[in-house]
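Take this structure first; my questions come after.
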There are 2 protein chains.
Amino acid sequence: MYTVKEISTLAGVSVRTLHYYDQIGLLTPTRKAENGYRQYDDAALLRLQQILFYRELDFKLLDIRALLDDPNFDQVAALEEHGVALIARLLRVENLIATVDDTIKHLKGEKEMSKKALFEAFSEEKQAEYAKEAEEKYDPEIVRASNRKWKGYSAEKKQTILDEGNQVYVDMIAAMPKGADSSEAQAVVKRWRKHMDYFWTPNLDQLLGLATMYGQSPEFKTKFDAMHPDLTTFFREAVEIYVANK
Amino acid sequence: MYTVKEISTLAGVSVRTLHYYDQIGLLTPTRKAENGYRQYDDAALLRLQQILFYRELDFKLLDIRALLDDPNFDQVAALEEHGVALIARLLRVENLIATVDDTIKHLKGEKEMSKKALFEAFSEEKQAEYAKEAEEKYDPEIVRASNRKWKGYSAEKKQTILDEGNQVYVDMIAAMPKGADSSEAQAVVKRWRKHMDYFWTPNLDQLLGLATMYGQSPEFKTKFDAMHPDLTTFFREAVEIYVANK
DNA sequence: CTTGACATTAACCTTACGTCATAGTTTATA
DNA sequence: TATAAACTATGACGTAAGGTTAATGTCAAG
């Protein structure tokens, strides 16, 4: 048997919260001692864990109560639905982070930003985009598809594609003196994106992730460094700008 | 001059919200017409945009008011601080998504899970971990440091490191018949992680990201496929298991 | 026998609005 | 021009999930 304090520290919730959960009938103590003290057993503790789990998923407490008390409730369906919502949330947070970064740069005078760009992160279209993208991202099928795509090419085709890739890097080096934000560099990024399409179709986030990884893997770094010492940095910068300007 | 309704639809907020913002002095209308109607100009619209921006970052409305009204407020500092909080949020959401996936599998009977694993996502240690990781992730210095590290090696050293890397992949292929969760495969992953250390020190998230990217970049995929057709898939699986077991 | 840690209930406070209710104003239409 | 539809205003209450006192009771240790 645990006291409120014990449960409180074990589960990391406040005593007030336990009182409240008792009050709304979400988690009633196993029994009450003569002195009126609440007492909880292991089953109660487990139930609390479940409550916390769903609470973290932004379920309302009363919904959680209904869910835990109704044995007919389809937990899997509810979770899957919430999984998509979570991915949308993830995308929104990622977008916010990018906006924060951009705004800092903007305030430091390192970056020009239109009012539109500054605030489009929470437009309705963006929200819809998050939702759509979330559904795609949640589908593991999409990853498998990209693997199938590559496997479908013949050996020569593969070689052609790789050669085309190398040409992109060569052109990128040529564009370096003009700056990462030059139309030349941006055009190369665009071609690179198109090139990636032979394999899979990365979204903007993934595109940036790829460019970043190019600078973070020893193997790649070596190859790029051999072509030009500043290529990885420049490449990432150019992609960053490309992504920022959508 | 805009009416409440116009602003409301333009900015995607309710009329009630505008009333409320007026009430707390966060966004007072440019002027009030004789009939008492609120009227807003473009400046007000811009201020509303700023309000929405900070609101989205979870600032309290009264803090936003203070922030926007005080010209001495250090916006950059506030944003940077909030950037870290946002990354922590991102990590938490990522963890939640993983937990949801696992829980679904668990409910479908596809996966064994200890009670501990089911609920560790919101333990205090985890929260602390998020915060710490967020600070690291947010610090751009860390990226620059990894570049410096690699540049510091001599040419022979670099070659040695790359050879060691290839040896890791060869050993990984050798471990394939035992399964991705075999101690052999896991040991190779551990070595790979250590190997990466020559270049930078990825955290678990980044490790997984790297393994994923290996399967998503044509260049890498080609190299790996040449060694063994299932290497990328197996490699990622093994890293996934490694990361899951921390 | 006192002190400090812990327990109880009760009641008000909080945030950022949503939701009526009531009433005046403007605009579109019959 | 009458009237309905649409918009505006203020005021007041409601909400979720507890936080924050306050007043009081209980228990183990010194």
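Proteins get letters first, then strands, A, B, ... in listed order; numbering begins at 1 in each.
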Give the rounded distance in Å between these two atoms: CZ of A:F59 and C1' of D:dA16.
17 Å

C:dC17, OP1 or OP2 - any side-chain N/O from B:H19 closer than 4.0 Å?
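For C:dC17, neither OP1 nor OP2 has a side-chain N or O of B:H19 closer than 4.0 Å.
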
Short side-chain N/O contact from A:Y21 to OP1 or OP2 of D:dA17, under 4.0 Å:
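So the side-chain polar atoms of A:Y21 never come under 4.0 Å of the phosphate oxygens OP1 or OP2 of D:dA17.
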
Are any of the side-chain heavy atoms of A:D41 and A:M1 separated by less than 4.5 Å?
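A side-chain contact under 4.5 Å exists here.
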
Rounded to the nearest Å, what distance is computed from the CG atom of residue B:L27 to the P atom of nucleotide C:dA16?
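Distance check: B:L27 CG to C:dA16 P gives 15 Å.
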
Quick one: does B:L26's side chain get under 4.5 Å of B:R55's, heavy atoms only?
no

Show the nearest heavy-atom pair for residues A:S8 and A:L18, with the distance to one decimal.
N-CD1, 4.0 Å

Looking at C:dG24, does its base get a donor-acceptor pair with the side chain of B:Y37 below 3.5 Å?
yes

For the rings on A:W192 and A:Y242, is their centre-to-centre separation under 6.0 Å?
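No, the ring centres sit 6.0 Å or more apart.
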
Heavy-atom side-chain proximity of B:L61 to B:Y21 below 4.5 angstrom:
yes

Contact residues, residues 60-70 of chain A to DNA chain D [heavy atom, < 4.0 Å]:
A:K60, A:L61

Test salt bridge (charged side-chain N to carboxylate O under 4.0 Å, His left out) applied to B:D22 and B:R38, B:R16, B:R65, the passing residue:
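Option passing the salt bridge (charged side-chain N to carboxylate O under 4.0 Å, His left out) with B:D22: B:R38.
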
Side chain proximity check, B:L27 to B:Y40, heavy atoms < 4.5 angstrom:
yes

Value in whole Å for how far the C1' atom of D:dG18 lies from CG of A:L52
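Computing the A:L52:CG to D:dG18:C1' distance gives 14 Å.
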
Hey, does the side chain of A:R55 come within less than 4.0 Å of D:dA17's phosphate (OP1/OP2), counting only N and O?
no

B:R16 or B:K5, whichever maps to the more 5' nucleotide of DNA chain D
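Residue closer to the 5' terminus by nearest nucleotide: B:K5.
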
Send over the distance from A:I7 CD1 to C:dC6 C1', rounded to a whole Å.
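Rounded to whole Å, this separation is 15 Å.
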
Rounded off to whole Å, could you give me the OH-to-P distance for the A:Y40 and C:dA7 pair?
10 Å

Counting any heavy atom closer than 4.0 Å, what does A:V4 reach on the DNA or RNA strands: base, sugar-phosphate only, or nothing?
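Counting heavy atoms under 4.0 Å across all strands, the contact made by A:V4 is with sugar-phosphate only.
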
Ignoring backbone atoms, establish whether B:T3 has a side-chain N or O less than 4.0 Å from OP1 or OP2 of D:dT8.
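Yes, because at least one side-chain N or O of B:T3 sits under 4.0 Å from OP1 or OP2 of D:dT8.
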
Within the 4.5 Å heavy-atom criterion, are B:Y2 and B:D42 side-chain neighbours or not?
yes

Nearest-nucleotide pick for B:S14, side chain only, options being C:dG18, C:dT26, D:dG18
C:dG18

Whole-Å gap separating P (D:dA9) and CZ (B:R31)
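Taking CZ of B:R31 and P of D:dA9, I get 13 Å after rounding.
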
Separation of atom CD1 in B:I24 from atom P in D:dG11, rounded to whole Å
17 Å

Kindly say whether, by distance alone, the side chain of A:Y20 makes a donor-acceptor pair under 3.5 Å with the base of D:dG19?
no

Closest to the B:N35 side chain: D:dT26, C:dT8, C:dT25?
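Ranking D:dT26, C:dT8, C:dT25 by closest atom to the B:N35 side chain puts C:dT25 first.
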
Between D:dG18 (C1') and A:L18 (CG): distance, integer Å:
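That distance rounds to 12 Å.
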
